[in-house]
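Reviewing the structure listed below.
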Amino acid sequence: MPLADALDSSSAYAFRVTIDGIEIPKVIEVGGLKSEVDKIEMKQQMKDGKYVVRQMVGRPKPGEFTVTRGLTDSKTISDWLKTVMQGDMAGSRKTAAVELLDYQDGLLMTYNFTNCWVRSLEVTSLKAGATEQATEKATVCYDEVAIA
């Protein structure tokens, strides 16, 4: 018998990325959405002398994700990187959310990130007269993630 979730799986047709409540325009790709914990090995010897290795759940791991968007005049991410590079710890730490939407703009799930800061900002190679859209790719580091 199939699982109940297997009958209802759907793909995310769109997504919305917000940094401190401000929506990032023209986002075309988000990668690296991940929630992970450390694995701790606990080694012990039993009463009968047998040696056993157990695995335990450890602390949540920090991580990073990437946001690729079409190049526009929006300076939200580049201004954020400037704040980070100036060493403003209070100003550089933000909250972020990535919402996955279905084809009717219904919310499938939300990744909420805390204590985020932008690590890098890369612009694709620019070519004169090219038909493909120029993009920028931001790598955002985070301390915690909650999935709703």
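Just so you know, these numbers use all the heavy atoms, side chains as well, and skip hydrogens, waters and symmetry mates.
Using modelled atom types, one finds no donor on one side chain facing an acceptor on the other under 3.5 Å when comparing D88 with T83. Residues T72 and S74 bring no donor and acceptor atom of their side chains to less than 3.5 Å of each other. Using a 3.5 Å distance cut-off with no hydrogens or angles, the side chains of S120 and T139 do pair a donor with an acceptor.
No path of Ile, Leu, Val, Met, Phe, Trp and Tyr side chains, each step under 4.5 Å between heavy atoms, connects I147 with V57, placing them in separate hydrophobic clusters. One hydrophobic cluster holds both M109 and V27 under the rule that ILVMFWY side chains link at heavy-atom gaps under 4.5 Å. Under the 4.5 Å side-chain heavy-atom criterion for grouping Ile, Leu, Val, Met, Phe, Trp and Tyr, I19 is connected to M85 within one hydrophobic cluster.
Interatomic distance, L107 CG to L100 CG, rounded to the nearest 0.5 Å: 8.0 Å. From M46, atom CE reaches atom OH of Y51 across 12.5 Å, with rounding to the nearest 0.5 Å. To the nearest 0.5 angstrom, K26 atom NZ is 11.0 Å from E136 atom CD. Here the CD-NZ distance, from Q44 to K50, works out to 11.0 Å after rounding to the nearest 0.5 Å. Separation of atoms OG1 (T110) and CZ (F15) is listed at 14.0 Å; rounding is to 0.5 Å. The distance from atom CE of M42 to atom CD of Q55, rounded to the nearest 0.5 Å, is 11.0 Å.
Here the closest non-hydrogen pair linking V118 and A138 is CG2-CB, 4.2 Å. Contact between T124 and A134 at its shortest, heavy atoms only, is OG1-CA, 3.7 Å. A148 and N112 make their closest contact through CB-ND2, 4.5 Å (heavy atoms, listed as atom of the first residue, atom of the second, distance). What you find for G58 and I40 is that their closest heavy atoms are CA-CD1, 3.6 Å. Residue K137 comes nearest to T68 through the heavy atom pair CG-OG1, 3.7 Å, listed as atom of the first residue, atom of the second, then distance. Scanning both residues, E23 and T18, for their nearest heavy atoms gives CA-CG2, 3.8 Å.
A salt bridge links E64 to R119: at least one charged side-chain nitrogen sits closer than 4.0 Å to a carboxylate oxygen. Under a 4.0 Å N-O distance rule, the pair R59/D38 does not qualify as a salt bridge.
Side-chain atoms of F113 and V98, non-hydrogen and from C-beta on, do get closer than 4.5 Å to each other. Looking at L108 and L101, their side chains never come closer than 4.5 Å, going by heavy atoms from C-beta outward. Using a 4.5 Å heavy-atom threshold, the side chains of W80 and K94 count as touching. Taking the side chain as every heavy atom from C-beta outward, C116 and R93 never approach each other to under 4.5 Å. E29 places none of its side-chain heavy atoms less than 4.5 Å from the side chain of T135.
Checked against a 6.0 Å centroid threshold, the rings of Y111 and F65 do not count as neighbours.
With N115 contributing its side chain and D143 its backbone, the two residues share no donor-acceptor pair below 3.5 Å.
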